[in-house]
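Before any comments, here is the structure.
In each ligand, atom 1 is the first atom listed, and ligand 1 is the first ligand listed.
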Amino acid sequence: MAFMLSYTPPLRDVGFALDVIGLDELIARPAFSHVDRETIDALIAEFGRLMADSWGDLNESGDREGVAVDSATGTVRVPAGFREAYQQYVAGGWGAVGAPLEHGGGGFPHTVALVLGEMMGSANMALGLCPMLTQAAIEALGHAGTAEQQTRYLDKLITGEWSGTMNLTEPDAGSDVGALRTRAVPQPDGTWRITGQKIYITWGEHEMADNIVHLVLARRDGAPPGTKGISCFIVPKYLVNADGSLGARNDVRVVSTEHKMGIHASPTCVMAYGDGGEGAVGELIGEIDGGMRTMFIMMNNARLAVGQEGAAVGERAYQLAFDHAMTRVQGRTITGAMTIIGHPDVARMLMLMRCQLDAARLLVFLNARAIDESRHLDGDAKRIAQERADLYTPLTKAWVTDLGVELASLGVQVFGGMGFCEDTGAAQLYRDIRIAPIYEGTNGIQAMDLIGRKLAMRDGAVVAELLADIRATCDVLGAAQRFSLRDYAASLRESVTTVEQATKWMSDTARSNIADAGAGSVAYLQALATVVGGWLLGRQALLAVERLAGADTADESDREYLEAKIASTVAFGALVLPTVASCAAQATTGAAAVMSVPHHALASR
Ligand SMILES: Cc1cc2nc3c(=O)[nH]c(=O)nc-3n(C[C@H](O)[C@H](O)[C@H](O)COP(=O)(O)OP(=O)(O)OC[C@H]3O[C@@H](n4cnc5c(N)ncnc54)[C@H](O)[C@@H]3O)c2cc1C
């Protein structure tokens, strides 16, 4: 049996999602007077072609081939075709799409750059991680770098000629970044010498780009303990001369790469800084001891991008599962043999994938739009957009990555036994996406961020305003002519009330009993994110209804498409919104259920 391993860019779905979150309203602002929707759509379609034709076809071979350290050259050997595929991305200028005009970028909204990010993640998640981390480095340099540092590094990172990495993790400093030991010593010439070991560094070494700009967290002697005493340094693989040309090799090297469950084609490197002698040469970026602020700029960008991987891989899993369900014959009806999509349980799985994928993509785009507005609006509107972006980020990172795993798992299930075999591609997607809930701050850490910092924003008003917006959409849905949407409005409204109560409990408890709040934090995040997803699907249905009533839907396939979008919303109401009540119940149960006996009593042997 031949399986469809190719990737098809979901242009219609992406365009519709951009309409739901209001891209046209965003680009009508003066900051985007140089872009228009037609150009954006053409750009997305063109990028989609590159992803389908080049990157997508290397996904499976990259997984099989993997990466390895070449001890003779001290670099990492990447799978066949990866270097060329990356060069196509560089030659097309794709890395520059969302970069500022003054640095030679396209000045497109971040939302548009994220659409490209989704396609990269769908086509080839392992390769896409290289530009993803470069984008995060660009963000950090753009915000925290001096003019001189920006001149030295930014343009080459934007073109993709150089790539970027993010170096936080050490053997004894994972989630607890404040425990890191990498040492930074100031030099008379203003540079620093960096010594230490970093682990799990994504694309830490390779030769697809001419230089690698490592952003490294380290501690100076005498710095305050914990995260308050961490500084951030630019440590290039090759030192950069005053005229911008490449100089000597810096004292940074790859020690080994990890053997992983998935993303085999992405080198996850153990990196040694300064083990050749005096230390690797680094430049401070941002303030001394203020490295976490710089890294947070990078991490917030990366958190949204990692969240998006859930939607990206979910899309690819859905494409595979859908094609299989439409063609795999198993069972009979009275009229003859049937394909498995005719079985109600397979239809349920596909619909669950469909509606959660729609919600996931919408949340990513909404989050990106809030970031765009936080950059381009003024006054109160700017502040409110920033607050929304801050609130959405842990939801996107955690909920969408969990959904990515669920979608990939459902994809395996739709294939039956073949899903468990590697030939279909479904198993690879499941292995690849499993990392997303772990890196970039585990989803447990995201949930703690939500209940600790985000709920407290403006004394709870930020989340209260979000829930009020969702209620306003319920009012519109409640007045719809379709019974199914009125029912949906009622379920969503009930879910909002449930989450509102859980939010009050969580906000109060987070101040008084962190164990009780922490034990319920992940379930609370799921409840809130599900309601936000439900809100966005409500808006999706309203847009579909509006278009169905419009004059431009004479085309039968358009009508079917819009009806399917409404069906996706209704399915979310039936299959997913009911989980809000159980998540909220778990969220507010306290720590006794999980921490009442001494830890050792839980041993199984
Ligand atoms: C493939 C891959 C690529 C990576 N890429 C990079 C990279 O490019 N750069 C980089 O710096 N790092 C990278 N990492 C590291 C990654 O970010 C860490 O693995 C992650 O932050 C978790 O840290 P840890 O592995 O030490 O787990 P731990 O911190 O030991 O966590 C173990 C468990 O304890 C939980 N936990 C720990 N502390 C808390 C807490 N305070 N509250 C609630 N729960 C908690 C976690 O949620 C988790 O379930 C990568 C890792 C992998 C596997």
Any N/O pair Thr442/ligand 1 closer than 3.5 Å
yes
Given the protein's heavy atoms, is any one of them under 4.0 Å from atom 17 (O) of ligand 1?
yes
Side chain or backbone, does Lys260 bring an N or O within less than 3.5 Å of an N or O on ligand 1?
no
Looking only at protein heavy atoms, what sits closest to atom 28 (P) of ligand 1 is Ser175 OG, 3.7 Å
So which protein heavy atom does atom 20 (C) of ligand 1 come closest to, and at what separation?
Ile438 O, 3.8 Å
Candidate list Leu141, Asn211, Ile158, test side chain to side chain contact (heavy atoms under 4.5 Å, CB included), partner Tyr153, passing option
Leu141
Of all the heavy-atom pairs spanning Lys198 and Leu217, show the shortest one and how long it is.
NZ-O, 2.9 Å
Flag the pair Arg64 and Glu422 as a salt bridge only when some basic side-chain nitrogen lies within less than 4.0 angstrom of an acidic carboxylate oxygen.
no
Only heavy atoms count here, so choose which of Thr169, Ile199, Val216 is nearest to atom 12 (N) of ligand 1.
Thr169
Could you list the atoms of ligand 1 found under 4.0 angstrom from a heavy atom of Glu440?
17 (O)
Which of the numbered atoms in ligand 1 are under 4.0 angstrom from any heavy atom belonging to Thr268?
1 (C), 2 (C), 3 (C)
Donor-acceptor pair between Thr588 and Tyr524 side chains, under 3.5 angstrom
no
Heavy atom to atom 40 (C) of ligand 1, shortest distance: which of Ile435, Ile445, Leu180 holds it?
Ile445
In the complex you have, is atom 49 (O) of ligand 1 within reach of the protein, judged by whether a heavy-atom distance drops under 4.0 Å?
no
Regarding Arg431 and Asp63, does a basic nitrogen lie under 4.0 Å from an acidic carboxylate oxygen?
yes
Measuring from Ile451:CD1 to Arg511:CZ, what's the distance to the nearest 0.5 Å?
11.5 Å
Answer yes when Arg293 and Glu287 have at least one side-chain N-carboxylate O distance shorter than 4.0 Å, and no when they do not.
yes
Nearest protein heavy atom to atom 8 (O) of ligand 1, by residue and atom, and its distance?
Thr202 N, 3.0 Å
Measure the distance from atom 26 (O) of ligand 1 to every protein heavy atom, then report the residue, atom name and distance (to 0.1 Å) of the closest one.
Gly174 CA, 3.1 Å
Using distance only, find each side-chain donor-acceptor pair of residues 110-121 under 3.5 Å and give its atom names and separation, not counting sequence neighbours.
from   : atom 1 : to     : atom 2 : distance (Å)
Thr111 : OG1    : Arg369 : N      : 3.4
Thr111 : OG1    : Asp372 : OD2    : 2.6
Glu118 : OE1    : Arg361 : NE     : 2.9
Glu118 : OE2    : Arg361 : NE     : 3.4
Glu118 : OE2    : Arg361 : NH2    : 2.7

Shortest heavy-atom approach to atom 25 (O) of ligand 1 - which of Tyr200, Trp203, Tyr439
Tyr200
Looking only at non-hydrogen atoms, which of Met132, Met166, Met295, Glu258 approaches atom 9 (N) of ligand 1 most closely?
Met166
Surrounding CZ of Arg181 (heavy atoms of other residues, nucleotides or ligands, distance under 6.0 Å), is the total greater than 12?
no
Hey, are Glu207 and Arg83 close enough for a salt bridge, meaning a charged N less than 4.0 Å from a carboxylate O?
no
Would a 4.0 Å cut-off, counted as strictly less than, catch a protein heavy atom around atom 34 (O) of ligand 1?
no
With heavy atoms and a 4.0 Å threshold, my read on which part of Leu168 contacts ligand 1 is both
